[in-house]
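When reading the values below, keep in mind they use all heavy atoms of this one structure, side chains included, and skip hydrogens, waters and symmetry mates. Convention: sequence-line order gives letters A, B, ...; per-chain numbering from 1.
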Protein chains: 2
Amino acid sequence: MSQIQVKTPLKSQNLSDILIEAIVSGDISAGSKISEPELARRYGVSRGPLREAILTLQGIGLVERLPHVGARVVELNKQQLLDIYAIREALEGMACRQAALAMSQSDIDQLEALLNHHQDYLQQNEGQRYFEQDGDFDFHYRIIQASANKHLIGLLCDELYHLLRMYRRQASNHISRPNRALNEHRAIWQALADRDADLAEILMRRHIGRARKLIEQQVDAQAFTSSKGEK
Amino acid sequence: MSQIQVKTPLKSQNLSDILIEAIVSGDISAGSKISEPELARRYGVSRGPLREAILTLQGIGLVERLPHVGARVVELNKQQLLDIYAIREALEGMACRQAALAMSQSDIDQLEALLNHHQDYLQQNEGQRYFEQDGDFDFHYRIIQASANKHLIGLLCDELYHLLRMYRRQASNHISRPNRALNEHRAIWQALADRDADLAEILMRRHIGRARKLIEQQVDAQAFTSSKGEK
DNA sequence: CATGGCCACATTGTCAACAATATGTAGTTT
DNA sequence: AAACTACATATTGTTGACAATGTGGCCATG
C-alpha cells in the first residue's frame, strides 16, 4: 500500500553520520579526544555501536586511533592539506575524464543549468557565500557522480570530501575567487559537452591545482588547528 | 633492558590482518557470505572484535555489508576492475610525480638496485613468476612510499592494493609482459633520477594504462568470479 | 627540588546474553 | 500447482558487565 516501509536505521550507522556532521561542523573540535563513555551517554547508545561508528570514521580519515588510548579528531596542518589536494587533483581529474565519456546529454544540460544558476547568484552578489561553499561542491559532486566509477565516487564523496569540508569550515581565511572559479567551471563544462576527455581532465586538474597554490601561499601558522590539545 | 616490551596485539586488529589475508589468498572465496558466529568460532574470539574487523574490511572495500543481512566478500567483475585501474592510474601517477620531487638520492639508488635484481631474475627466467607478482608490487610500493604523501600512501597501500592482489590471485589468466614491464620500470626510474616530475607521472600513467588495456581486451566471462552464490 | 616507583582511577578491549530482523519451511488457500 | 501466510530458526544489532591497559597523582628517595 501507500504505507512506505521505513526501516529503522541502525544506531551505529546513524551515529557515523551524526559524528561526521559533528566533526565537520566543528561541534567536536579538531584534535580533541573522543571519549567513548561520554559520547555514548550523550547520544544515548551503548559503547558497541559507538565504537563501530568510530571505526567508520577512522576509515574515512576523520579520526586517528591508538590502541588502548583512544581516538582523536585529526588535525590538518598545511602539509597534509596540500597532500589531500594533490590526491584530489589526481582523482577528480580522472573523474572528469571519465565523466566526459560517460555522462548523458541530460546530465550535461543539468550541469549547464547549475552553472547558470551560479552565475545568477554571483551577479546579485548577495549569494556569493553560497557559491563559494555549497555551489562549488555541487558542481564537483555532479561531475564525480557522472564518472560512473563506483570506487572513485566512494573515495571522493565518502572519504575525501568530509576532510575538505572540515578544513573549509576551520580555515576562516579560506581564499576563493568566485568569478574566476565560475569561468573555470564553464571551461570544464565546455570540454565535457565536447566529450573532450583529455581537455576535461587537464582543466579540472588545473582548477584544483590553482586552489592548492592558494593554500601554498598562505602563511603556515594561521588557524589550521583551533585549540591544541584540549585535555 | 634488552627485554623488548612486546605489546600484545589487539584481537580486532589481528583479525583484520588475518581476514584480509584469508580473502586475498582466496581462502575465503569471492562472493561468499561472512558468517559472524562461524568465523568467531573458527578464530576463537567473540563477535565484538570480529565485527570491528569486518568494519575495517568494509572500509578497505573487501567486503560489502547490508543491514540485518551481513557481509559478503566483494566480487570483482571486469568493469569494477577497470574502474580500480583508472583510480590506480591517477593516484600512482600523482605518487610518481611527488616521488620525483621528494625522494632522496639513496632512495633512487636502492630503487635502481631493485631493478637490477629484477633483471637478474628475468634473465635466469626461473624467477619470472616472482617478478610478475611481488617484484612488480615492490617497485610500485617503493615509489608510493617515496611520495611522502601520507594520505596517498594510505589509499594505495592500505586500500587499493588488497583489491589488486585479490584480483591477481583470482584471475588465473592474468596477462603480463615481464620484459616490457621491466623496460617501463627503467624508464620511470630514469625520470625519477632526473627529477622530471612531469615525465615520471606520464610514464607511470602509461605503464598502468597499458595493464588496463590488457584487461580490457580480455573476454568478459573468464574467471573473475569463482563460484556464484555459495549460499 | 627533581626524579622515580607505586597505586588508584579512568578508559579501552573483550565477552556473553538479550532484542530485533531476515530467511527458510511448512501449511493453507485459491 | 502456485502463491500467500504464519511460524520456527538462524543471524545480525545492541547492551551491560568484566578484563586489560594507560594515566595521573601521591609518596618516597636521591
Side-chain angles (χ1 to χ4, degrees), chain A residues 1 3-20 22-23 28-29 31-59 62-74 228-231, chain B residues 1-20 22-23 28-29 31-59 62-74 227-231:
Chain A
M1 324 319 163
Q3 192 77 323
I4 292 179
Q5 177 68 7
V6 54
K7 348 185 122 177
T8 73
L10 300 182
K11 298 199 174 182
S12 53
Q13 220 162 299
N14 244 9
L15 263 182
S16 301
D17 298 337
I18 291 176
L19 287 181
I20 288 173
I23 289 175
I28 300 178
S29 66
S32 65
K33 182 158 184 335
I34 304 277
S35 165
E36 294 182 7
E38 181 196 331
L39 285 188
R41 253 198 337 272
R42 186 189 310 180
Y43 294 112
V45 296
S46 172
R47 276 181 52 223
L50 180 70
R51 282 175 64 85
E52 298 196 353
I54 292 175
L55 259 289
T56 301
L57 295 208
Q58 182 183 221
L62 283 177
V63 306
E64 288 168 344
R65 272 174 17 125
L66 272 73
H68 294 290
V69 174
R72 302 191 82 89
V73 180
V74 295
K228 189 74 180 181
E230 165 153 333
K231 169 122 192 201
Chain B
M1 319 309 173
S2 67
Q3 193 78 322
I4 292 177
Q5 178 69 6
V6 54
K7 349 185 122 176
T8 73
L10 299 183
K11 298 200 175 182
S12 54
Q13 219 162 302
N14 243 9
L15 264 181
S16 300
D17 297 337
I18 291 175
L19 287 180
I20 288 173
I23 290 175
I28 301 178
S29 66
S32 65
K33 183 158 183 339
I34 303 277
S35 165
E36 294 182 8
E38 182 196 330
L39 286 187
R41 254 199 334 273
R42 186 189 309 181
Y43 295 112
V45 296
S46 172
R47 277 180 52 222
L50 179 70
R51 282 176 63 86
E52 299 195 352
I54 293 176
L55 260 288
T56 302
L57 295 208
Q58 183 183 221
L62 283 176
V63 306
E64 288 169 343
R65 270 172 23 124
L66 273 73
H68 295 290
V69 174
R72 301 191 85 89
V73 179
V74 295
S227 62
K228 189 74 181 182
E230 167 157 327
K231 174 110 189 212

How many Å lie between [atom1] on [X] and [atom2] on [N], as a whole number?
X       : N      : atom1 : atom2 : value
B:Asn14 : C:dG13 : CG    : P     : 14 Å
B:Ile34 : C:dA22 : CD1   : C1'   : 18 Å
B:Leu66 : D:dT11 : CG    : P     : 17 Å
B:Arg65 : D:dG13 : CZ    : C1'   : 9 Å
A:Glu36 : C:dA10 : CD    : C1'   : 12 Å
B:Arg72 : D:dT12 : CZ    : C1'   : 15 Å
B:Lys33 : C:dT23 : NZ    : C1'   : 11 Å
B:Glu38 : D:dA10 : CD    : C1'   : 13 Å

Touch class at under 4.0 angstrom, heavy-atom based, for B:Leu50 against every strand present: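 Here B:Leu50 touches no strand at all.
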
Sugar-phosphate, base or nothing in reach of B:Ile54, heavy atoms under 4.0 Å: nothing

Heavy-atom protein contacts under 4.0 Å, nucleotides 14-20 of chain D, coded B base, S sugar-phosphate only, - none: BBB----

Salt bridge (charged side-chain N to carboxylate O under 4.0 Å, His left out) between A:Arg47 and A:Glu36, intermediate numbers included: CA-CA 6 Å; A:Arg47 276 181 52 223; A:Glu36 294 182 7; 3.0 Å; yes

B:Arg42: side chain to side chain donor-acceptor pair (under 3.5 Å) partners, not counting sequence neighbours: B:Glu38

B:Pro49 versus B:Ser46, closest heavy-atom pair with distance: CD-O, 3.5 Å

Any donor-acceptor pair under 3.5 Å from B:Arg72 side chain to B:Gly31 backbone: yes

Derivation of the side chain to side chain contact (heavy atoms under 4.5 Å, CB included) call for B:Leu19 and B:Tyr43: CA-CA 10 Å; B:Leu19 287 180; B:Tyr43 295 112; 3.8 Å; yes

Partner set under side-chain contact (heavy atoms from CB on, under 4.5 Å) for B:Gln58, not counting sequence neighbours: B:Leu55, B:Val63, B:Arg65

